[in-house]
Number of protein chains: 2
Amino acid sequence: MEDCYVRYAMDVIGGKWKLLIIWTILQNGVIRFNDLQRKVDGISSLMLSKNLKELKEDGLILRHQYNEIPPRVEYELSELSQKLIVVLQSLSEWGCEVYKYKKPSI
Amino acid sequence: MEDCYVRYAMDVIGGKWKLLIIWTILQNGVIRFNDLQRKVDGISSLMLSKNLKELKEDGLILRHQYNEIPPRVEYELSELSQKLIVVLQSLSEWGCEVYKYKKPSI
DNA sequence: CAGTATCCCCGTAGATACTG
DNA sequence: CAGTATCTACGGGGATACTG
């Protein structure tokens with residue numbers, strides 16, 4: 001089935017938070033855990049932690065850990081997720097058309 | 001937040017079956033309920049019914065009902081979902097890169 | 001043929017508390 | 001600062017049975 005790579009992509013960027021996290025890192029460049037939590041509105045440290053871990057395992061973000069006190073960990077986008085941005089833009093345009101279809105009254 | 005149209009798109013094509021259903025209708029053109037169920041591997045009539053209903057409400061498919069005996073209902077893709085195909089192809093290419101990242105051993 | 005009604009399971013998301 | 005452990009809630013997805 002030819003759509004299985006699409007399914008694969010959806011597995012990796014699906015869920016409630018992942019795209020929001022990627023989007024936030026995109027806008028901020030290198031960013032730390034607590035800064036990220038402040039900017040991704042409403043996310044708990046648990047969810048952020050889980051999602052960052054998965055995104056890292058899927059190769060979408062890079063994690064840099066500095067063994068300092070207090071601890072410092074920085075996150076940034078990988079090349080893979082930067083390629084994703086273009087795709088998301090076209091998906092966004094399509095989503096906009098869906099929106100217009102569903103709200104013709106506005 | 002600029003990604004909300006993406007979220008909107010994901011809401012509409014998300015879930016386990018929707019892309020599979022769209023893909024199947026794309027390959028078959030106009031198609032009937034039971035034919036669709038046979039070609040979308042593993043789907044129950046309940047799930048197919050639910051998903052077709054939502055896809056229709058979101059403007060992705062067209063439903064033609066003929067009041068015959070036995071009843072005949074045909075489904076086909078709308079223009080909206082045909083525009084989606086191009087986007088899905090680029091998403092599929094990206095998903096393929098993710099796949100290559102995760103399985104460098106193969 | 002083309003569905004709907006009902007009940008159930010399990011995985012994702014979240015709240016709370018705690019730690020190196 | 002940067003997380004993890006534990007428990008709970010909710011909803012998508014599914015099995016089964018039934019119908020115009």
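Side-chain atoms are counted along with the backbone in the values below, which use heavy atoms only and exclude waters and symmetry mates. Protein chains get the first letters and strands the later ones, always in sequence-line order, with residue 1 at the start of each.
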#### Entry: More than 12 heavy atoms from other groups under 6.0 Å of CD on B/Glu79
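No - once you tally the heavy atoms of other residues, nucleotides and ligands closer than 6.0 Å, there are 12 at most.
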### Query
Checking all strands, does B/Ser44 fall into the base, sugar-phosphate, or nothing category for heavy-atom contacts under 4.0 angstrom?
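It contacts nothing in the nucleic acid.
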### Query
Contact class for A/Leu46 (heavy atom, under 4.0 Å): base, sugar-phosphate, or nothing?
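If one applies the 4.0 Å heavy-atom cut-off, A/Leu46 turns out to touch a base.
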### Query
Which of residues 59-68 of chain B sit near DNA chain D, with a heavy atom under 4.0 Å from it?
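Those residues whose heavy atoms fall under 4.0 Å from DNA chain D, taken from residues 59-68 of chain B, amount to none.
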### Query
Should A/Ile13 and B/Met10 count as side-chain neighbours, where that means a heavy-atom distance under 4.5 Å?
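Contact flag for A/Ile13/B/Met10 side chains = yes.
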### Query
Can you tell if the side chain of B/Trp94 reaches within under 4.5 Å of the side chain of A/Leu80, non-hydrogen atoms only?
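Counting from C-beta outward, B/Trp94 and A/Leu80 do come under 4.5 Å.
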### Query
Which comes earlier along DNA chain C counting from the 5' end, the contact point of B/Arg72 or that of A/Ile43, where each point is its nearest nucleotide?
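Nearest nucleotide further toward 5': that of B/Arg72.
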### Task
Sequence neighbours left out, what passes side-chain hydrogen bond (donor to acceptor under 3.5 Å, both in side chains) with B/Asn51? Give chain and number order.
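Residues passing side-chain hydrogen bond (donor to acceptor under 3.5 Å, both in side chains) with B/Asn51: none at all.
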### Task
Identify, between B/Pro71 and A/Lys53, the residue whose nearest nucleotide on DNA chain D lies closer to the 5' end.
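Result: A/Lys53.
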#### Entry: Exam field: side chain B/Ser78 to backbone B/Gly59, donor-acceptor pair closer than 3.5 Å
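Pair found, side chain donor or acceptor close to backbone of B/Gly59.
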Applying side-chain contact (heavy atoms from CB on, under 4.5 Å), name anything that partners [X], two or more places apart in sequence or on another chain.
{"X": "B/Val73", "answer": "B/Arg63, B/Gln65, B/Tyr75"}
{"X": "A/Arg32", "answer": "A/Asp35, A/Arg72, A/Glu74"}
{"X": "A/Ser49", "answer": "A/Phe33"}
{"X": "B/Glu76", "answer": "B/Val30, B/Leu62, B/His64"}

### Query
What residues, two or more places apart in sequence or in another chain, satisfy salt bridge (charged side-chain N to carboxylate O under 4.0 Å, His left out) together with B/Lys83?
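Counting only residues at least two positions away or on another chain, B/Lys83 forms a salt bridge (charged side-chain N to carboxylate O under 4.0 Å, His left out) with A/Glu97.
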### Query
Under the salt bridge (charged side-chain N to carboxylate O under 4.0 Å, His left out) test, which residues partner B/Glu54, sequence neighbours left out?
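Checked B/Glu54 against salt bridge (charged side-chain N to carboxylate O under 4.0 Å, His left out); matches are B/Lys18.
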### Query
Which residue pairs satisfy the salt bridge (charged side-chain N to carboxylate O under 4.0 Å, His left out) criterion with at least one member in residues 42-52 of chain A, sequence neighbours excluded?
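Those involving residues 42-52 of chain A do not exist here.
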#### Entry: Smallest separation among heavy atoms of B/Ile22 and B/Leu60, with atom names
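Heavy atoms of B/Ile22 and B/Leu60 come nearest at CD1-CD1, 3.9 Å.
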### Angle of first-five versus last-five pair axes in the helix from C/dC1-D/dG20 to C/dG20-D/dC1, to 10 degrees
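Inter-axis angle at the ends, rounded: 60°.
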#### Entry: Interface limits on DNA chain C, where chain A has a heavy atom under 4.0 Å of a nucleotide atom
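The contact span of chain A on DNA chain C goes from C/dA13 to C/dG20.
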Expected rows: protein N/O vs nucleotides 7-13 of chain D N/O, under 3.5 Å:
unit_1, atom_1, unit_2, atom_2, d
D/dG13, OP1, B/Lys16, N, 3.0

